[in-house]
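Presented below is the structure to which this report refers.
It should be emphasised that the depicted structure is a prediction, and the values quoted were computed from it without experimental measurement. Heavy atoms only: backbone and side chains are in, while hydrogens, waters and symmetry mates are out. Letters go in sequence order (proteins before strands), and every chain restarts at 1.
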Amino acid sequence: MNKLSTESYKGVRDFYPEDKFVQEYIFGKMRKVVEAFGYEEYDASILEPTDLYRAKSGEELINEQVYNFEDRGGRDVTLRPEMTPTLARMVAKKKRDLGFPLRWYSIPNFFRYERPQKGRLREFWQLNADVFGVEGIEAEVEIITMSYKIMRELGAVEKDFIIKINDRDFINFFLTDFNLSEEEKYKVTKIFDRKNKTEVSKFENEIEEILGDKSNVFLNKISELENAEGKTPADIKNLMEKLEKAGITNVVFDPFLMRGLDYYTGIVFEVFDTNPDNNRAMFGGGRYDRLLEIFDGEKVPAFGFGMGDVTALEFLKSRDLIPEYISLTDLYLCILDEKYTEFTDDLAQALRAQDINVVVDYSYKKIDKQLKNADKKKVPFVICIGENEVKNDKFVLKRMVDGKEFEVSRGEIKTVIEKI
RNA sequence: GCGACUAUGGUGUAAUGGUAACACUAGGGUUUGUGGAUCCCUCGAUCCGAGUUCAAUUCUCGGUAGUCGCCCCA
């Protein structure tokens with residue numbers, strides 16, 4: 001017989017309880033922050049018609065990076081690679097009913113068919129928080145503030161990360177002088193996007209290919225922006241001032257920041273790890289005022305961001321910010337002999353009725369093995385049930401962290417567990 | 001899609017052209033109602049396929065997987 005492999009599928013992860021605990025910790029922090037700003041949770045199916053992504057997500061993403069298949073009815077189906085198109089679809093569908101401004105969040109999983117490497121897998125989870133119906137800079141301030149607060153909640157200090165911002169409109173404005181076609185403009189944004197990872201000469205050559213002999217003029221203008229603080233575009237300056245008022249000072253203007261997705265229209269931002277070993281964008285977002293047009297022609301102003309669990313986890317690991325596993329179970333009941341099982345079950349039921357999480361060990365192993373197991377599972381309290389307990393209805397409640405024992409009656413168990 | 005490196009029990013390591021050792025873990029026992037202790041026993045591995053060879057876990061090639069980088073990137 002062939003042995004079945006225990007390996008998980010390429011690029012996806014198994015979440016053992018300790019792993020799930022950490023993931024839930026991260027999600028919990030995300031939830032706490034966005035809910036404090038009034039964001040409501042939504043969700044959707046992992047399957048979407050492929051057409052949804054054809055419109056605006058970017059050619060590369062749809063052609064090479066998605067899992068798609070034809071279903072039995074001949075429909076072209078895709079495992080969602082991102083949430084924004086789904087969200088836009090949901091909002092567009094019930095636009096008249098929803099009431100704006102609308103603030104929604106979700107922590108769904110996504111699939112992308114790519115080569116797994118550090119900080120990037122084929123399946124990942126990502127917080128998505130979006131606000132619809134706010135045209136002004138308040139949306140940017142709010143979302144970027146939330147990004148900042150999540151980082152702080154996770155234990156990061158300001159110098160651990162830096163928030164880069166830019167405005168796509170602003171680049172487009174510069175490009176209007178050059179009479180470029182839409183496609184050429186698009187190419188320029190892609191080259192910009194790559195700039196920080198490209199050699200300067202190569203970058204300049206690529207720009208020159210598109211702009212010809214005017215490229216020097218263009219590049220000079222851009223570098224002026226980059227270097228001269230006074231020339232920072234007004235909206236960026238405004239945004240930075242407002243963030244500073246909120247106590248967020250690790251923000252910089254980066255005229256080359258583009259982000260990969262095609263649907264961004266205005267301000268975009270990315271949060272970078274300042275650790276030189278992990279010089280990569282951790283997460284980001286931007287304004288996409290025109291995305292909802294693809295459904296009914298009406299635009300709805302929108303600003304949102306996404307924060308993935310893989311990069312967040314890498315960050316926490318590198319800063320030693322992973323929390324220690326804590327069991328959700330309060331009490332572990334050992335049974336010393338099979339004949340005390342019924343008594344133990346009754347006790348467990350009574351305690352559960354008082355909202356205590358109780359696990360019963362039915363292994364009937366030696367008591368030291370049972371205790372060892374309780375310890376391994378990180379359950380904080382143990383009671384062993386044997387002849388004495390059944391006879392007297394008195395118990396020895398053992399606190400595992402220091403081995404201290406407390407003599408208690410049945411009615412005292414709950415209060416002792418909660419108090420100490 | 002491209003490149004580099006890697007691949008031994010569940011985990012971490014060892015070794016050799018003659019089929020594998022050790023530690024931890026797990027299971028069982030011992031000490032006979034309180035754990036991270038001692039002692040004993042047991043389970044358990046050379047990624048897959050082909051080639052060279054009397055003999056391959058070891059050498060060669062291919063595949064697969066992992067790690068890192070490139071491309072790309074929410």
Give [X] one of three labels, base, sugar-phosphate or nothing, depending on what nucleic acid heavy atoms sit under 4.0 Å from its own.
{"X": "A:Lys372", "result": "sugar-phosphate"}
{"X": "A:Val401", "result": "base"}
{"X": "A:Gly119", "result": "nothing"}
{"X": "A:Gly386", "result": "base"}
{"X": "A:Lys404", "result": "nothing"}
{"X": "A:Gln370", "result": "nothing"}
{"X": "A:Met400", "result": "base"}
{"X": "A:Tyr264", "result": "sugar-phosphate"}

Respond yes when some side-chain nitrogen or oxygen of [X] is under 4.0 Å from OP1 or OP2 of [N], and no when none is.
{"X": "A:Lys376", "N": "B:rU25", "result": "no"}
{"X": "A:Lys369", "N": "B:rA26", "result": "no"}
{"X": "A:Lys366", "N": "B:rU30", "result": "yes"}
{"X": "A:Lys118", "N": "B:rG69", "result": "no"}

Is there a Watson-Crick or G-U wobble partner for [N] with both distances under 3.5 Å, and if so, which one is it?
{"N": "B:rG17", "value": "none"}
{"N": "B:rC43", "value": "none"}
{"N": "B:rU60", "value": "B:rA50"}
{"N": "B:rG1", "value": "B:rC70"}
{"N": "B:rG36", "value": "none"}
{"N": "B:rA23", "value": "B:rU11"}
{"N": "B:rU31", "value": "none"}

Of the nucleotides [options], which has the atom closest to the [X] side chain?
{"X": "A:Gln65", "options": "B:rU34, B:rC72, B:rA65", "value": "B:rC72"}
{"X": "A:Arg115", "options": "B:rG33, B:rU34, B:rC68", "value": "B:rC68"}
{"X": "A:Pro116", "options": "B:rU34, B:rU30, B:rU67", "value": "B:rU67"}
{"X": "A:Asp368", "options": "B:rU31, B:rG33, B:rU34", "value": "B:rU31"}

Send over the distance from [X] [atom1] to [N] [atom2], rounded to a whole Å.
{"X": "A:Asn373", "N": "B:rG27", "atom1": "CG", "atom2": "C1'", "result": "13 Å"}
{"X": "A:Leu371", "N": "B:rA37", "atom1": "CG", "atom2": "P", "result": "13 Å"}
{"X": "A:Gln117", "N": "B:rC71", "atom1": "CD", "atom2": "P", "result": "10 Å"}
{"X": "A:Lys365", "N": "B:rU34", "atom1": "NZ", "atom2": "C1'", "result": "16 Å"}

> Picking from A:Thr50, A:Val77, A:Asp76, what satisfies side-chain contact (heavy atoms from CB on, under 4.5 Å) with A:Phe69?
Replying inline: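 Of A:Thr50, A:Val77, A:Asp76, side-chain contact (heavy atoms from CB on, under 4.5 Å) with A:Phe69 is met by A:Val77 alone.
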> If you draw a 6.0 Å radius around NZ in A:Lys149, do more than 12 non-hydrogen atoms from other residues or ligands fall strictly inside?
Replying inline: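 12 or below, so no.
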> When only distance counts, do a donor and an acceptor, one from the side chain of A:Arg120 and one from the base of B:rC72, lie under 3.5 Å apart?
Replying inline: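 Such a pair is found, so the answer is yes.
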> Got a donor-acceptor pair under 3.5 Å from the side chain of A:Glu114 to the base of B:rG1?
Replying inline: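 Check fails, no donor-acceptor contact within cut-off.
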On a whole-Å scale, what distance lies between the [atom1] atoms belonging to [N] and [M]?
{"N": "B:rA15", "M": "B:rA45", "atom1": "C1'", "answer": "14 Å"}
{"N": "B:rG63", "M": "B:rG28", "atom1": "P", "answer": "45 Å"}
{"N": "B:rA26", "M": "B:rU52", "atom1": "P", "answer": "46 Å"}
{"N": "B:rU67", "M": "B:rU8", "atom1": "P", "answer": "14 Å"}

> Does A:Thr84 or A:Asn388 map to a spot on RNA chain B nearer the 5' end, using the closest nucleotide for each?
Replying inline: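 The residue closer to the strand's 5' end, by nearest nucleotide, is A:Asn388.
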> Does A:Glu7 or A:Gly285 map to a spot on RNA chain B nearer the 5' end, using the closest nucleotide for each?
Replying inline: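 Whichever sits nearer the 5' end wins; that is A:Glu7.
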> Roughly how far, to the nearest 0.5 Å, is CE of A:Met400 from CG of A:Leu331?
Replying inline: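 The CG atom of A:Leu331 sits 11.0 Å away from the CE atom of A:Met400.
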> Passes salt bridge (Lys or Arg N to Asp or Glu O under 4.0 Å), A:Arg287 versus A:Asp289? Steps please.
Replying inline: CA-CA 6 Å; A:Arg287 184 166 278 280; A:Asp289 287 345; 2.8 Å; yes
So, [X] and [Y], do they make that salt bridge, N to O below 4.0 Å?
{"X": "A:Glu40", "Y": "A:Arg103", "answer": "no"}
{"X": "A:Asp309", "Y": "A:Arg13", "answer": "yes"}
{"X": "A:Glu407", "Y": "A:Lys394", "answer": "no"}
{"X": "A:Glu123", "Y": "A:Arg112", "answer": "no"}

